[in-house]
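Below is one structure; the comments refer to it alone.
Computation of the quantities below employed the complete heavy-atom set of this structure, encompassing side-chain atoms and omitting hydrogens, waters and symmetry-equivalent molecules.
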Amino acid sequence: METNPTFPLIISVDDHTVEPPQVWQDRLPKKYLDIGPRIVRAPLKEMTFLGGRFKPVMGEQGDDGPIGDWWVYEGLRRPLTRLDTAVGYDRDEIKLEVITYEQMRKGSYDVPSRLADMDVNHVQSALCFPTFPRFCGQTFTEASDHELGLLCIQAYNDWMVEEWCGPQARGRLIPLTLIPLWDAQLAAQEVRRNAARGVRAVAFSEIPPHLGLPSVHTDDWDPFLAACDETGTVVAMHIGSSSRMPSTSADAPPAVGSTITFANCCFSMVDWLMSGKFERFPNLKVMYAEGQIGWIPYILERADVVWEENRGWGGVADKVHRPPSELFADHVHGCFFDDAFGLRNLDSIGVGNVLYETDYPHSDSTWPKSREVGEAQMGHLDADVVERIVRRNAIELLQLTPDGLWSP
C-alpha cells in the first residue's frame with residue numbers, strides 16, 4: 001500500500017482558547033461592567049476535583065494561599081488552572097493548581113502567539129472551544145440573569161468572529177460560537193446571526209438534561225436544529241459539555257474519569273441516533289470533540305441490532321426509519337487526537353466520519369508532536385485516507401476554502 005511520505009498540514013477541530021481578560025469588559029453595556037465577567041487576582045482557599053466535580057474556593061485578599069487569576073461573574077468564582085493551559089510543561093509537572101495569565105503559554109490567549117505555536121505543531125487551521133463560558137456556554141445558562149447572559153453570549157461570539165478569528169488570524173482560526181441554551185428560539189436567532197457572517201459551527205451540550213434542559217428526544221430544540229439544518233451549521237459537542245464528566249463514585253480519583261471521558265459521547269450519540277432528528281433535519285451534522293473513536297464500531301453494531309429486532313417496543317419505529325449505522329454515516333463525525341485502536345478499525349467507522357485534533361493547550365494535547373503522533377498511528381493507511389482524516393473531512397464539514405482556511 002502506497003503511503004504519503006509528507007504528512008498533510010493538520011486542521012484541528014478541537015483546540016481551545018483562554019479568553020483574554022477584557023472580552024466582556026470591552027463589549028458589555030456600561031451598566032453591566034461591574035457584574036459581567038471580569039478577572040480578579042486572588043488567593044486559592046481550597047480546590048478539589050473528585051467524582052468528576054471541580055470545586056474551587058476563592059480566598060480573600062491578604063489570605064494565605066497560591067495566587068491565581070479568577071473569573072468573577074454573579075456568584076461564580078472560577079480560577080484559571082494549569083489544566084486549562086498545560087502545553088510546554090512536562091507531564092509530571094502538570095498539577096491541579098491555580099495560575100495567572102503570566103504563568104501560561106501566551107498562545108493560549110494571544111492570536112499571533114497561537115499561530116506561531118500552530119506552526120511549530122504542523123497545524124494550519126484550528127477550531128477553538130471556550131474556557132470560561134465552558135464547552136457549550138453553560139456558565140451563562142446557569143446564571144440567574146439571562147438578559148445579561150444573552151449579552152455575554154453575543155459579546156463572546158463577536159469577539160470570536162471579529163477578533164480571535166479576525167484579520168490577524170489570516171483565516172487559520174475557525175469560529176465556533178455559543179447559543180443561549182435556555183431558549184431555543186433565541187438560539188436559532190443567534191445561529192442565523194453568526195451564519196450570516198460565515199460561522200459554520202456552534203457548541204452544544206452532549207447531554208442537555210444534565211444541565212436541567214430538555215433532551216433531544218423532545219421537540220423543544222427543533223427551532224435551533226432547524227436553524228442549523230438551514231444554514232449548514234455543525235452542532236459541536238465537547239466532552240464535559242454536560243458539566244458532568246463520567247465517573248463511578250464521589251471519591252473516584254480524576255484518573256478514573258480521564259480514562260472513560262468518551263462515555264458521555266457514547267451515550268449522546270445513541271440519543272441522537274434514536275431521536276429521529278436526523279430524518280427530520282436531513283442536512284444536520286454533529287461532531288464529538290475529544291471523544292476519540294475506538295468505541296464507535298460496537299455502538300453502531302449494537303444500535304443496529306436493537307433497531308432491527310426491538311424497534312417496535314423500543315419506542316423508535318415511528319421516527320427512525322433507517323439503520324442507525326446509516327444515519328451515523330450521513331450525520332455524525334468522531335474526533336480524535338490519540339487513538340491507535342480506532343485507526344486500526346477505521347473501516348468499521350467510516351473514513352469520511354473521522355476528524356483530527358490536537359487539543360492545544362490542554363494537558364492531553366499532543367502539541368508540539370501532533371504530526372509525529374499522527375504519522376505513527378496512521379502509518380498503515382493509504383495517503384489519500386490520511387489526507388481525508390487530517391484535512392479534507394474538516395474542510396468539507398466546516399465549509400472551509402479548498403486551501404483549508406476560514407473565509408467569512
query: Taking C-beta and beyond as the side chain, do R105 and Y89 meet within less than 4.5 Å on heavy atoms?
result: no
- request: Mind listing the closest non-hydrogen atom pair of S125 and G171 along with its distance?
  value: OG-O, 4.3 Å
query: For the rings on F224 and F204, is their centre-to-centre separation under 6.0 Å?
result: yes
message: Under 4.0 Å between a side-chain nitrogen and a carboxylate oxygen: does that hold for E163 and R27?
response: yes
Minimal non-hydrogen separation, E206 against G240, with atom names: OE2-N, 3.0 Å
- request: Give a yes or no on whether the ring-centroid distance for Y101 and Y109 is below 6.0 angstrom.
  value: yes
query: Counting N and O atoms only, with roles assigned by atom type, does the side chain of E290 sit under 3.5 Å from a partner on the main chain of D14, one being a donor and the other an acceptor?
result: no
- prompt: What's the verdict on salt bridge (Lys or Arg N to Asp or Glu O under 4.0 Å) for R344 and D339, showing C-alpha distance, side-chain angles and the deciding distance?
  reply: CA-CA 9 Å; R344 291 197 299 271; D339 193 339; over 6 Å; no
message: For the backbone of S144 and the side chain of E74, can you confirm whether one donor and one acceptor N or O come within less than 3.5 Å of each other?
response: yes
task: Would you check if the side chain of Y356 reaches a backbone N or O of V386 as a donor-acceptor pair within less than 3.5 Å?
output: no
query: Under a 4.5 Å cut-off applied to non-hydrogen side-chain atoms, are L28 and C152 in contact?
result: yes
message: Testing the 3.5 Å rule here: is there a donor-acceptor pair between the side chains of N121 and S370?
response: yes
message: Looking only at side-chain N and O atoms, does N393 offer a donor or acceptor that is under 3.5 Å from a partner on H333?
response: no
query: Can you check whether N194 reaches E190 side chain to side chain, under 4.5 Å on heavy atoms?
result: yes
task: Scan side-chain atoms only and decide if D271 and H217 contain a donor-acceptor pair under the 3.5 Å cut-off.
output: yes
task: Would you name the heavy atoms of W221 and P214 that are closest together and state the gap between them?
output: NE1-O, 2.8 Å
message: With heavy-atom distances below 4.5 Å as the criterion, would you say the side chains of T81 and P56 are in contact?
response: no
Within-4.5 Å side-chain heavy-atom neighbours: F140 and L150: no
query: Which heavy atom of V202 sits nearest a heavy atom of L178, and at what distance?
result: CG2-C, 4.4 Å
- request: May I ask you to check whether Y156 and W164 place their ring centers less than 6.0 Å from one another?
  value: no
message: If we ignore hydrogens and angles and just use 3.5 Å, is the side chain of Q168 paired with the main-chain N or O of V111 as donor and acceptor?
response: no
message: Parallel, tilted or perpendicular: which one describes the rings of H16 and H362, with boundaries at 30° and 60°?
response: parallel
query: Heavy atoms, side chains only, cut-off 4.5 Å: are P208 and S215 in contact?
result: no
Presence of salt bridge, R193 and D158, under 4.0 angstrom: yes
- request: Return yes if some donor-acceptor pair links the side-chain N/O of W70 with the main-chain N/O of A42 below 3.5 Å, else return no.
  value: yes
Test item: S275 side-chain N/O and W272 main-chain N/O as donor-acceptor pair under 3.5 Å: yes
Side-chain donor-acceptor pair present, D15, T358, cut-off under 3.5 Å: yes
statement: CE (M287) and SG (C335) are apart, to the nearest 0.5 Å, by 4.0 Å
message: Does Q138 form a side chain to side chain contact (heavy atoms under 4.5 Å, CB included) with S242? I'd like the steps, not just the answer.
response: CA-CA 8 Å; Q138 305 102 295; S242 59; over 6 Å; no
- prompt: Is a side-chain donor or acceptor of W159 paired with a backbone partner of W24 at a separation under 3.5 angstrom?
  reply: no
Polar side-chain atom of R311 near backbone of V316 as donor-acceptor pair, under 3.5 Å: no
- request: Check whether any side-chain heavy atom of T177 lies under 4.5 Å from a side-chain heavy atom of T233, and answer yes or no.
  value: no
query: Going by atom types only, do D304 and S325 share a side-chain donor-acceptor pair under 3.5 Å?
result: yes
message: Looking at R280 and D219, is there a salt bridge between them, counting it only when a charged N and a carboxylate O are closer than 4.0 Å?
response: yes
query: Does the side chain to side chain contact (heavy atoms under 4.5 Å, CB included) test come out yes or no for T17 and F129, once each step is laid out?
result: CA-CA 6 Å; T17 177; F129 284 82; over 6 Å; no
task: Give me the ring orientation class for H122 and F7: parallel if the planes are under 30° apart, tilted from 30 to 60°, perpendicular past 60°.
output: tilted
Derivation of the side chain to side chain contact (heavy atoms under 4.5 Å, CB included) call for V286 and M237: CA-CA 8 Å; V286 305; M237 294 169 281; 3.7 Å; yes
task: Give a yes or no answer on whether the side chain of T231 reaches the backbone of A227 with a donor-acceptor pair at less than 3.5 Å.
output: yes
- request: Locate the shortest heavy-atom distance separating S363 from I94; write the atom from each residue and the value.
  value: CB-CG2, 4.0 Å
message: Between L355 and I11, is there a side-chain heavy-atom distance shorter than 4.5 Å?
response: no
message: Under a plain distance cut-off of 3.5 Å, with no hydrogens placed, do T401 and D403 share a side-chain donor-acceptor pair?
response: no
task: Using a strict 4.0 Å threshold on nitrogen-to-oxygen distance, state whether R192 and E230 make a salt bridge.
output: yes
query: Is it true that atom NZ of K95 has more than 12 heavy atoms of other residues, nucleotides or ligands lying nearer than 6.0 Å?
result: no
field: Pair E396 + K285: basic N to acidic O under 4.0 Å
entry: no
query: Is the CZ atom of R41 crowded by more than 12 outside heavy atoms at less than 6.0 Å?
result: yes
query: So, the side chain of Q399 versus the backbone of G232: is there a donor-acceptor pair under 3.5 Å, distance only?
result: yes
message: Set out, in order, the CA-CA distance, both residues' side-chain angles and the distance that settles side chain to side chain contact (heavy atoms under 4.5 Å, CB included) for L343 and L381, then state yes or no.
response: CA-CA 9 Å; L343 289 167; L381 298 174; 4.2 Å; yes
field: S241 side chain to R134 side chain, donor-acceptor N/O pair below 3.5 angstrom
entry: no
message: Is the terminal nitrogen or CZ of R78 (NZ for Lys, CZ for Arg) located under 6.0 angstrom from the six-membered ring centre of F132 and within 45° of that ring's axis?
response: no
field: Residues E60 and K45 bridged, charged N to O under 4.0 Å
entry: no
Between Y288 and S268: side-chain donor-acceptor atoms closer than 3.5 Å: yes
message: Check this for me: D90, atom CG, are more than 12 non-hydrogen atoms of other residues, nucleotides or ligands nearer than 6.0 Å?
response: yes
field: Flag for R38-Y73: side-chain donor and acceptor within less than 3.5 Å
entry: no
query: Got a salt bridge between K106 and D117, using NZ or NE/NH1/NH2 to carboxylate O under 4.0 Å?
result: no
query: Closest approach of A340 and Q377, non-hydrogen atoms and distance?
result: N-OE1, 3.5 Å
